[in-house]
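What follows is a set of notes on a single structure, which appears directly below.
If you're wondering where the values come from, they're calculated on a predicted model, not measured in any experiment. Side chains included, hydrogens not; waters and symmetry mates left out as well; all remaining heavy atoms used.
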Amino acid sequence: MSVNSNVTRPNAKKKVLMVVANPSTSATTGWPVGFWWAEVTHPYWAFVEAGYEVEIRSPQGGALQADGYSDPEDASGYSAHDILSLGFKKSPAHLALIQDTKSTAEVDPRAYDAVFFAGGQSPMVTFRGNENLQKLLAAFYEAGRITALVCHATCLLLDTRLSNGELLVKGRTWTGFATSEEKFADSFVGQRIQPFWIEDEARRIDGTNFVVDQMFREFAVRDGLLVTGQQQYSGAAAARLVIEALGR
């Protein structure tokens, strides 16, 4: 799949729309939820290093908030290793990109070469069942744009249908946050975190091929226009597959 089969805007600098979830509250835990830092910053850096332009938007627009455990400065130390996200946070110019986002309303897929949906805990609340986001995802896919989703953002694929009424993932191979990873996360915090598990839901869908690798290991899959990454360590891997498809 190394052929540049999706050179959609050959005379323009490659442009990626990154969709990041708005802050919300988990009905399962009562915790504030948002995006996962590494799933924004690592793909962002991969795209910028490839010479791409990246525009960050959110479904509702406005200021965005990250999940606490994803913050390299969080007291838990869970993501203390993530110096790329730390650098993004400390750069006023980069931090501004998430402090006042435009909404995804009226986005024209023809203005971009790809779309990249970042994950976090908020997508499990704000992406699932969101018909506007489903329409946006399907519009990019049907416009022939590379369509990428990573980690919990892949829950959007559970319900997104194309204009012919079929699920976008019908006949496709894809990945997302694994059930084994959900069980580990629940054990880590001592309670159930998510209202549903993506892998369990995906395996109930006939005619699709959901695959996972080892827990918390970088893993991404490309099937035609569709690119998916398993979890928070897979954002850059998914971005590299987008770059492979589009070229530099």
Side-chain angles (χ1 to χ4, degrees), residues 1 3 5-8 15-21 35 39 43 57-59 103-120 122-179 194-213 219-231 234-235 237-246:
M1 294 187 177
V3 176
S5 59
N6 191 43
V7 181
T8 55
K15 186 175 183 179
V16 177
L17 173 65
M18 184 174 286
V19 181
V20 183
F35 69 91
E39 296 173 37
R57 293 193 181 217
S58 62
S103 80
T104 55
E106 300 181 1
V107 161
D108 183 355
R110 294 172 298 180
Y112 306 88
D113 298 282
V115 64
F116 190 103
F117 289 82
S122 177
M124 297 290 277
V125 180
T126 61
F127 282 14
R128 186 81 195 268
N130 188 322
E131 293 185 1
N132 289 332
L133 282 186
Q134 291 172 20
K135 291 177 182 177
L136 179 68
L137 175 61
F140 267 88
Y141 188 84
E142 293 192 313
R145 271 44 178 173
I146 291 292
T147 304
L149 310 91
V150 67
C151 196
H152 285 112
T154 59
C155 70
L156 189 55
L157 289 167
L158 295 171
D159 306 301
T160 297
R161 294 183 179 274
L162 303 176
S163 57
N164 63 7
E166 294 184 344
L167 286 171
L168 188 155
V169 294
K170 181 180 179 181
R172 298 291 175 212
T173 295
W174 58 295
T175 189
F177 208 80
T179 293
Q194 303 300 350
F196 60 92
W197 290 346
I198 293 171
E199 180 177 358
D200 287 1
E201 296 284 306
R203 295 198 184 284
R204 296 188 183 103
I205 299 174
D206 292 332
T208 193
N209 183 35
F210 188 88
V211 295
V212 296
D213 202 340
F219 181 64
V221 177
R222 179 184 169 207
D223 187 340
L225 297 175
L226 180 63
V227 172
T228 48
Q230 184 169 319
Q231 26 47 14
S234 306
R240 289 195 298 270
L241 289 179
V242 174
I243 294 166
E244 178 184 276
L246 293 177

**Complete:** Scanning both residues in full, the closest heavy-atom pair of Phe116 with Ala238 reads CE1-CB, 4.0 Å
**Request:** May I ask you to test the Asp200-Arg204 pair for a side-chain heavy-atom distance under 4.5 Å?
**Result:** yes
**Request:** Please report the shortest heavy-atom distance between Ala178 and Val212, naming the atom on each side.
**Result:** CB-CG1, 3.8 Å
**Request:** For Thr228 and Thr175, indicate whether the former's side chain and the latter's backbone hold a donor-acceptor pair under 3.5 Å.
**Result:** yes
**Request:** Could you give me the CA-CA distance, side-chain angles and deciding distance for Leu149 and Leu137, then say whether side-chain contact (heavy atoms from CB on, under 4.5 Å) is met?
**Result:** CA-CA 10 Å; Leu149 310 91; Leu137 175 61; 4.2 Å; yes
**Message:** For the CD1 atom of Ile205 and the CH2 atom of Trp174, what is their distance to the nearest 0.5 Å?
**Reply:** 5.0 Å
**Donor-acceptor pair, side chain of Gln230 and main chain of Asp213, under 3.5 angstrom** = yes
**Donor-acceptor under 3.5 Å (Arg203 side chain, Phe210 main chain)** = yes
**Prompt:** So, for Gly229 and Thr154, which heavy atoms are closest and what is the spacing to 0.1 Å?
**Reply:** O-CG2, 4.2 Å
**Prompt:** Quick one: side chain to side chain contact (heavy atoms under 4.5 Å, CB included) partners of Arg240, sequence neighbours excluded?
**Reply:** Glu218, Ala236, Ala237
**Flag side-chain contact, heavy atom, 4.5 Å: Leu226 against Leu157** = yes
**Message:** Would you compute the distance between atom CD of Glu131 and atom OG1 of Thr160 and round it to the nearest 0.5 angstrom?
**Reply:** 10.5 Å
**Complete:** Minimal heavy-atom distance between Tyr112 and Arg57, with the atoms involved, is OH-NE, 3.9 Å
**Message:** For the backbone of Ala21 and the side chain of Thr126, can you confirm whether one donor and one acceptor N or O come within less than 3.5 Å of each other?
**Reply:** no
**Prompt:** With Phe177, which residues qualify under ring pair (Phe, Tyr, Trp, His ring centres under 6.0 Å), at least two apart?
**Reply:** His152
**Message:** Would the distance check show the side chain of Asp223 and the main-chain N or O of Arg172 forming a donor-acceptor pair, the cut-off being under 3.5 Å?
**Reply:** no
**Message:** Whether the side chain of Glu142 engages the backbone of Ser163 through a donor-acceptor N/O pair (distance < 3.5 Å, no angle test) should be reported.
**Reply:** yes
**Complete:** Residue set satisfying side-chain hydrogen bond (donor to acceptor under 3.5 Å, both in side chains) with Asn164, at least two apart, ordered chain then number -> none
**Prompt:** Has the side chain of Arg145 got a donor or acceptor atom that lies under 3.5 Å from a matching backbone atom of Asp113?
**Reply:** no
